[in-house]
Amino acid sequence: MSRIKDGAGPSTSGHGIRPPPRTTTGRTYEYTKLSDVKVRTTVNLYAAVKFFKPPFPSRGTDYCMVAKLVDPSVGNLDEGLKCLFFAKEESTLPQIQSVGDIVRIHRLKVDNFKDAPQGNKGPGFSCLVFDGRQGAPTNPRSDSQNFTFGPKDEAKVLELRQWVSLTPELNVMSSDPPTFADVTEGEYYDLSCQIVSMARVDEKCVLFQVWDGTIPAEPFRKADLQDLSLDQKADLAQKVKGYLVDVFIFDNHVPTALRFKPGDFVRINNLHVAKYKPPDNEAGPSAQLVEFVVHKGTSYGRGLTTLSSDHPNLQDLKSVMKQVIDRSTTTEVSTSEQDDTAANGPVKKARTGESSAESDGLLGNSNVQEGNSNVQERDSMPQEGDSSVQGGDYTVQQGGSMAQGNNAAQERDSNVHETNSNKNEKDSIVSAEGSFASSSNSTDRRCLQETGTVITGHHHIKVTPIHAVLTHYTPFKFRLKAQLVDYCPRDVREFCCLFCYTCNYCIEIPSSLKRNDCQEEGREPSNSSFPCLRCKKTQSRDGNTDSAVIPTMKYIYIVKFTLDDGTGLLEAHMWKKHAVSTEAFFRDLPPCNLYRRQEDRQVLSDYMQQLCPGAASQTAAPWMECCIMSYTVKDSGPALYQIFDTTLALEAA
DNA sequence: GTTTAGGCTTCG
């Protein structure tokens, strides 16, 4: 039972025989167990935070905050003392940041509301808040300038921490906080992030573009920025382009949102990952989207608050962000290079892209067109030859597994692991490929649909949205689900070209071979009788005149697919060994001179018509499940993509 | 000095 009945603060023994114990400040306090709290009293208490609504502006003049406090005396954590606090400034409200925080409250006035005790500010109210985690510093967060804090207080905090740590409902800070990578459609999250840009959408809606260093596993709705004036932290926006997440903030949260500015760190409470229902008139993106929404109201603590500089999430968040920015700073180089090459299209002339100095030397000034005007360099060719692809393979394997559904989370976890050795649980889970055997619901739904292609392995890997692929570092492997919106070349006769496996040289099929009256082709459809003119030139330059050793060129498939999953467009090449073999794209349809093999041409045409029916009926395009690997020819080169372990699942008509 | 909101999801 509290001995404080008058709200006077320090407990006085009044008429007691012994003088009250005194602290250095001359005051001492007695603290009431929650089970002893009675209405119409004023008490001091120590407790832990079971629930709280962060400060929000009331419709009156003050900020309001709601908290429910518990201590070991409450029989059931659903019980406890509900408190309601008002203050002119957020800074003079209890500085609660998390469930599990420990509070010391002086002069809490307990009233009756709806037949239950309710804590309110009494005259002289003051509140200290402590991090509830064992081992954390015991310095208090105070709602006032002056406060007492002595060894007894510290002991009390440590005692309550022990209890909190043994109480799972309160011990919430012991696990990693959720990130955008962790979100699931339909759920609500409290997330910490940084505002990169913001815009007023209309009277009742503000858009935040935020990031937390991770990428949502679910494709999400992005605002149409055309009619919006975006307030942006431009340098940051450039660096974190691929990580921006659009959050739509409504109604009573609009004024709160407008007090923020780009660059601010914000805590978003009760962010809803809502299933996006596009309006009927909206040209539907092919993928199902979620949208990130802060709905009106303050239920479940919904709202925006400044992420304070000592918030337990902030340091981890910043460390993840730093790693992303460091990486993007190195990617910026490649981005600009990519832009350079993009002037001629992302896929350039048949440089055959050898990364080795030797090959570059070979490429030199040689011009195969001299001497044979029929040979055109192929105009649609991955910027890499065999050697570089193998290099890519190697590095990919070094890099480890394919992207998990939330690969960004995987990175994040390992980052956390580096700095926080007691948070290794998730880390060890994701480090083994295949741990995320379950797919998301939306993935399951899509699996039931007919797919135009299927993957021939890696089924346990979660699907990654294209926008996440595009911003991921290279090399890496991903599983995608997308539709084919375009492919190149459009003429299936040009799907095959001639390739020299000796020097990685690739050319269009020469006119001499397109004609029916040319020399006999090899017995295997993929064999041509065409000598590699580059090898020939090299050999003659090196003084080798033995024409018998000049390799003949082979037919290979090489097709560029443009894939769309509603989150972005990705151009990926499908070629060579990934195009044909029992497990590869066209399975048993050998590469050949398609100018001369009408039957193969017809089958291919039919496949492509099914996969990519064209603009008019694109919504009918089947989903393509595929494995994609990213790579670069040179370390700083643009990211390139190729399909692997993917095969058609269509019947030729 | 009073009011605000008083946990327990919007529907964009």
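Atom set for the values below is all heavy atoms of this structure, side chains included, hydrogens, waters and symmetry mates excluded. Note on naming: letters A, B, ... go to the chains in the order of the sequence lines (proteins, then strands), and numbering restarts at 1 for each one.
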Show me the protein contacts with nucleotides 1-3 of chain B, counting only N or O atoms at under 3.5 Å.
none

Atom pairs under 3.5 Å, N or O on each side, protein against nucleotides 9-12 of chain B: can you list them with distances?
{"unit_1": "B:dT9", "atom_1": "O2", "unit_2": "A:Asn270", "atom_2": "OD1", "d": "2.3"}
{"unit_1": "B:dT9", "atom_1": "O2", "unit_2": "A:Asn270", "atom_2": "ND2", "d": "3.3"}
{"unit_1": "B:dT9", "atom_1": "O2", "unit_2": "A:Arg302", "atom_2": "NH2", "d": "2.5"}
{"unit_1": "B:dT9", "atom_1": "N3", "unit_2": "A:Asn270", "atom_2": "ND2", "d": "2.8"}
{"unit_1": "B:dT10", "atom_1": "O4'", "unit_2": "A:His295", "atom_2": "ND1", "d": "3.4"}
{"unit_1": "B:dT10", "atom_1": "O2", "unit_2": "A:His295", "atom_2": "ND1", "d": "3.2"}
{"unit_1": "B:dT10", "atom_1": "O2", "unit_2": "A:His295", "atom_2": "NE2", "d": "3.0"}
{"unit_1": "B:dG12", "atom_1": "N7", "unit_2": "A:His295", "atom_2": "ND1", "d": "2.8"}
{"unit_1": "B:dG12", "atom_1": "O6", "unit_2": "A:Lys296", "atom_2": "N", "d": "2.8"}
{"unit_1": "B:dG12", "atom_1": "N1", "unit_2": "A:Asp251", "atom_2": "OD2", "d": "2.4"}
{"unit_1": "B:dG12", "atom_1": "N2", "unit_2": "A:Lys204", "atom_2": "NZ", "d": "2.7"}
{"unit_1": "B:dG12", "atom_1": "N2", "unit_2": "A:Asp251", "atom_2": "OD1", "d": "3.3"}
{"unit_1": "B:dG12", "atom_1": "N2", "unit_2": "A:Asp251", "atom_2": "OD2", "d": "2.8"}

Just how far, in rounded Å, is [atom2] of [N] from [atom1] of [X]?
{"X": "A:Phe85", "N": "B:dG6", "atom1": "CZ", "atom2": "P", "answer": "13 Å"}
{"X": "A:Lys114", "N": "B:dA5", "atom1": "NZ", "atom2": "C1'", "answer": "10 Å"}
{"X": "A:Glu79", "N": "B:dG7", "atom1": "CD", "atom2": "C1'", "answer": "16 Å"}
{"X": "A:Lys109", "N": "B:dG6", "atom1": "NZ", "atom2": "C1'", "answer": "14 Å"}
{"X": "A:Leu93", "N": "B:dT4", "atom1": "CG", "atom2": "P", "answer": "17 Å"}
{"X": "A:Asp190", "N": "B:dG7", "atom1": "CG", "atom2": "P", "answer": "18 Å"}
{"X": "A:Lys50", "N": "B:dG7", "atom1": "NZ", "atom2": "P", "answer": "13 Å"}
{"X": "A:Phe113", "N": "B:dG6", "atom1": "CZ", "atom2": "P", "answer": "8 Å"}

For this session: Specify whether A:Trp211 and A:Tyr243 have parallel, tilted or perpendicular ring planes, treating 30° as the upper limit for parallel and 60° as the lower limit for perpendicular.
Result: perpendicular

Exercise. Judged by atom type as modelled, is there a donor-acceptor pair below 3.5 Å linking the side chain of A:Asp246 to the main-chain atoms of A:Ala223?
Worked result: yes

Exercise. Where the side chain of A:Asp62 meets the backbone of A:Cys64, is there a donor-acceptor pair that is under 3.5 Å apart?
Worked result: no

For this session: Using the side chain to side chain donor-acceptor pair (under 3.5 Å) rule, take A:Thr138 and A:Glu154 through it: C-alpha gap first, then chi angles, then the decisive distance, then the call.
Result: CA-CA 7 Å; A:Thr138 52; A:Glu154 180 148 26; 2.7 Å; yes

Exercise. Does anything in residues 64-71 of chain A reach DNA chain B, meaning a heavy atom under 4.0 Å, and if so which residues?
Worked result: A:Cys64, A:Val66, A:Lys68

For this session: Please name the residue in the list A:Phe260, A:Phe292, A:Phe248 that meets the side-chain contact (heavy atoms from CB on, under 4.5 Å) test with A:Phe208.
Result: A:Phe260

